[in-house]
2 protein chains.
Amino acid sequence: MSASESQIFIVDDDDAIRDALGWLFRSRGHAVRTWPSAEALLDSGEIAHCGCLVLDIRMDGMSGLELFGWLREHSHTLPVIFLTGHGDVPMAVDAIKQGAFDFVEKPFNDNELVDRALAALAMHRQQVSKRAALQAIEERVAQLTQREIEVMERVLAGQMNKVIASDLGVTMRTVEVHRARIFEKMGVRSAVELAQVLATRK
Amino acid sequence: MSASESQIFIVDDDDAIRDALGWLFRSRGHAVRTWPSAEALLDSGEIAHCGCLVLDIRMDGMSGLELFGWLREHSHTLPVIFLTGHGDVPMAVDAIKQGAFDFVEKPFNDNELVDRALAALAMHRQQVSKRAALQAIEERVAQLTQREIEVMERVLAGQMNKVIASDLGVTMRTVEVHRARIFEKMGVRSAVELAQVLATRK
DNA sequence: GGGACCATTGTGGATATCCGCAACCGGCCG
DNA sequence: CGGCCGGTTGCGGATATCCACAATGGTCCC
């Protein structure tokens, strides 16, 4: 659902700030959910429905940075906006370099924060569709047999069927059959298209 | 020259810091040049020989950030390490998001700064070789005539010669000739290789 | 005007690719 | 054991691609 991925998640152990942020976004018509701690969010199993994470750095238990690191390690790539009470340049630099979407100091400007969150949501939507496309390609590749992959590699290397044949110690006909199957499974109609599709990844 | 691209450039209007930084890198055996201002560096015309720029944020005249912006606008992509005396989180976040390699507060740890500079140099070398490869491709594309480009686009779209022919209102033979010229000029031997090469860019 | 470059086309043959039809073999599984 | 899957091969024909040899017409520039 587009809606479920458009949700803004807020994690802050300060009730006042959490409520204020929730109100801020809701008042502007944006779906938002709040959590009192990183653990609460993770335990809920709702992380997959998050499109933008607004995260307090300093929290009891798992800190914002720790949650960020955990998400990265578990391939949950989603834009994170850090909130921090005390300006710490090295921490901010590190967070951004590690891929955080933004790093905002309190007190923050309401409009700016909302803008950043919306930009993050937009980026996330892009990432999701891009990932879906890559995922689709990988699934197709996964359908290929080992032999077909060997043939495909050589096709992509520009080798002619007869070269591939002698290379693999089989006849040209066999290569042709594999080739046809590869095209079929990969949903393309020529080696050129295949190259285009596979060039998308990597 | 590898050497000329491996130079570390330091820009700081504080003589003491400039000298200290120069000494720091030279004592460790790294080529380094120092400049008292952004203007001095730009006027020298030596910017092309820089492999890593260590830049003071606050300077009279053109600030470090301004120089950074100028370089970006003029496609002089090279790693920049900012030095700043007073922690300013928004500025640091912005600099990193805009592509700065690092943002370091004074006083800094000598070893860390050297490590970062060396990492920047390494990254720059990578970028240079990558850019050179892309540049070579673009030069080859530039050799193609308008007509050849039209044909190439269709070849990359997986169209057969006869389709391209009727598409462009010419005979197959003509398409074949263009095709051969394209392969020759692009230095490839098949449409697949062509797709691979052109997929490298974009 | 002559030369360089580009686009175009033709002929004809050598290669390469694409496919339907048919078949054999070995491994795995119910 | 029979079926399914994957790898293999053969045959033959339809297409497609690659190329050498040869040639025409237009544009631009010295």
Side-chain angles (χ1 to χ4, degrees), chain A residues 133-202, chain B residues 133-202:
Chain A
L134 293 180
Q135 174 73 12
I137 293 173
E138 294 309 321
E139 282 172 7
R140 298 201 126 148
V141 172
Q143 289 181 346
L144 298 177
T145 65
Q146 184 53 43
R147 200 55 161 173
E148 284 162 355
I149 289 183
E150 294 179 60
V151 173
M152 185 173 72
E153 287 172 350
R154 289 168 171 76
V155 169
L156 291 177
Q159 294 187 327
M160 287 185 301
N161 285 354
K162 67 174 184 179
V163 176
I164 300 175
S166 71
D167 209 2
L168 296 180
V170 297
T171 62
M172 266 184 48
R173 187 69 187 87
T174 303
V175 175
E176 290 170 8
V177 172
H178 284 315
R179 201 173 164 129
R181 286 232 179 294
I182 293 169
F183 289 170
E184 188 189 347
K185 289 184 178 177
M186 294 301 293
V188 298
R189 292 177 64 221
S190 70
V192 179
E193 281 185 45
L194 182 63
Q196 307 266 1
V197 168
L198 292 186
T200 309
R201 57 176 208 181
K202 294 178 182 175
Chain B
L134 293 179
Q135 174 74 12
I137 294 174
E138 293 309 323
E139 282 172 10
R140 298 202 125 148
V141 172
Q143 290 182 342
L144 299 178
T145 66
Q146 184 53 43
R147 199 55 158 172
E148 284 163 355
I149 289 183
E150 294 178 59
V151 173
M152 185 173 73
E153 286 172 350
R154 289 168 172 77
V155 168
L156 291 177
Q159 294 186 327
M160 286 185 302
N161 284 356
K162 65 174 186 180
V163 176
I164 299 175
S166 71
D167 207 2
L168 296 180
V170 297
T171 62
M172 264 183 50
R173 188 66 188 89
T174 305
V175 176
E176 289 171 9
V177 172
H178 284 316
R179 200 174 166 126
R181 287 232 179 296
I182 293 169
F183 290 171
E184 188 190 345
K185 289 183 179 177
M186 294 300 294
V188 298
R189 292 178 64 219
S190 69
V192 180
E193 281 184 46
L194 182 64
Q196 306 267 359
V197 168
L198 292 185
T200 307
R201 58 177 207 180
K202 292 178 181 174

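Only this structure's heavy atoms are used, side chains among them; waters, hydrogens and symmetry mates stay out. It should be emphasised that the depicted structure is a prediction, and the values quoted were computed from it without experimental measurement.
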Quiz prompt | Nearest to side-chain heavy atoms of A:Val177, which nucleotide of D:dT17, C:dC18, D:dT9 | solution = D:dT9
Quiz item: According to a strict under-4.0 Å criterion, is A:Lys162 in side-chain N/O contact with OP1 or OP2 of C:dA16?
Solution: yes
Quiz prompt | Residues, nucleotides or ligands: over 12 heavy atoms within 6.0 Å of A:Arg189 CZ | solution = no
Quiz item: Nearest of C:dG10, D:dT8, D:dT17 to any side-chain atom of B:Thr171?
Solution: C:dG10
Exercise. Name the nucleic acid region contacted by B:Arg147, choosing base, sugar-phosphate or nothing; use a 4.0 angstrom heavy-atom cut-off, strictly under.
Key: sugar-phosphate
Quiz item: Between C:dA16, D:dC11, C:dT9, which nucleotide gets closest to the side-chain atoms of A:Met160?
Solution: C:dA16
Quiz item: Base, sugar-phosphate alone, or nothing: which one does B:Thr174 contact when heavy atoms must sit under 4.0 Å apart?
Solution: base
Practice problem: State plainly whether the residues A:Arg147 and A:Glu150 are in salt-bridge range, i.e. N to O under 4.0 Å. | Solution: yes
Self-check item: Closest to the A:His178 side chain, choosing from C:dT9, C:dA7, D:dT8
Solution: D:dT8
Exercise. Rounded to the nearest angstrom, tell me the gap between atom CZ in A:Arg154 and atom C1' in C:dA16.
Key: 19 Å
Exercise. Determine the minimum heavy-atom distance between A:Glu148 and A:Ile182, stating which atoms define it.
Key: O-CD1, 3.2 Å
Quiz item: Expressed in angstrom and rounded to an integer, what is the separation of A:Gln143 atom CD from D:dC5 atom P?
Solution: 14 Å
Quiz item: Which value, rounded to the nearest 0.5 Å, describes the distance between A:Ile137 atom CD1 and A:Leu198 atom CG?
Solution: 7.0 Å
Self-check item: Whole-Å gap separating P (D:dG6) and CD (A:Glu150)
Solution: 15 Å
Practice problem: Figure out the CD/C1' separation between A:Glu184 and D:dG6, and round it to whole Å. | Solution: 14 Å
Quiz item: In whole angstrom, what separates B:Ile182's CD1 from D:dT17's C1'?
Solution: 14 Å
Practice problem: Search all heavy atoms of B:Ile149 against all heavy atoms of B:Leu144 and return the closest pair with its distance. | Solution: CG1-CB, 3.8 Å
Quiz item: Which nucleotide in the list D:dT8, C:dA16, D:dC19 gets nearest to the side chain of A:Val170?
Solution: D:dT8
Self-check item: No-H, no-angle donor-acceptor pair, A:Arg173 side chain to D:dT8 base, under 3.5 Å
Solution: no
Self-check item: Nucleotide of D:dT8, C:dC19, D:dC19 approaching B:Glu176 most closely (side-chain heavy atoms)
Solution: D:dC19
Practice problem: Verify the contact: side-chain N or O of B:Asn161 to OP1 or OP2 of D:dT17, cut-off strictly under 4.0 Å; return yes or no. | Solution: yes
Exercise. Report the residue (B:Phe183 or A:Thr145) whose heavy-atom-nearest nucleotide on DNA chain D is the more 5′ of the two.
Key: A:Thr145
Quiz item: Can you tell me how far C1' of D:dT17 sits from CD of B:Gln159, to the nearest Å?
Solution: 16 Å
Quiz item: Rounded to whole angstrom units, what separation is found between the CZ atom of A:Arg179 and the P atom of D:dG7?
Solution: 17 Å
Practice problem: Provide, to the nearest angstrom, the distance between the CD atom belonging to A:Gln146 and the P atom belonging to D:dG6. | Solution: 13 Å
Quiz item: For DNA chain D, whose closest nucleotide is more 5', that of B:Arg189 or that of A:Leu168?
Solution: A:Leu168
Practice problem: Determine whether the side chains of B:Glu139 and B:Gln143 contain a donor N or O and an acceptor N or O closer than 3.5 Å. | Solution: no
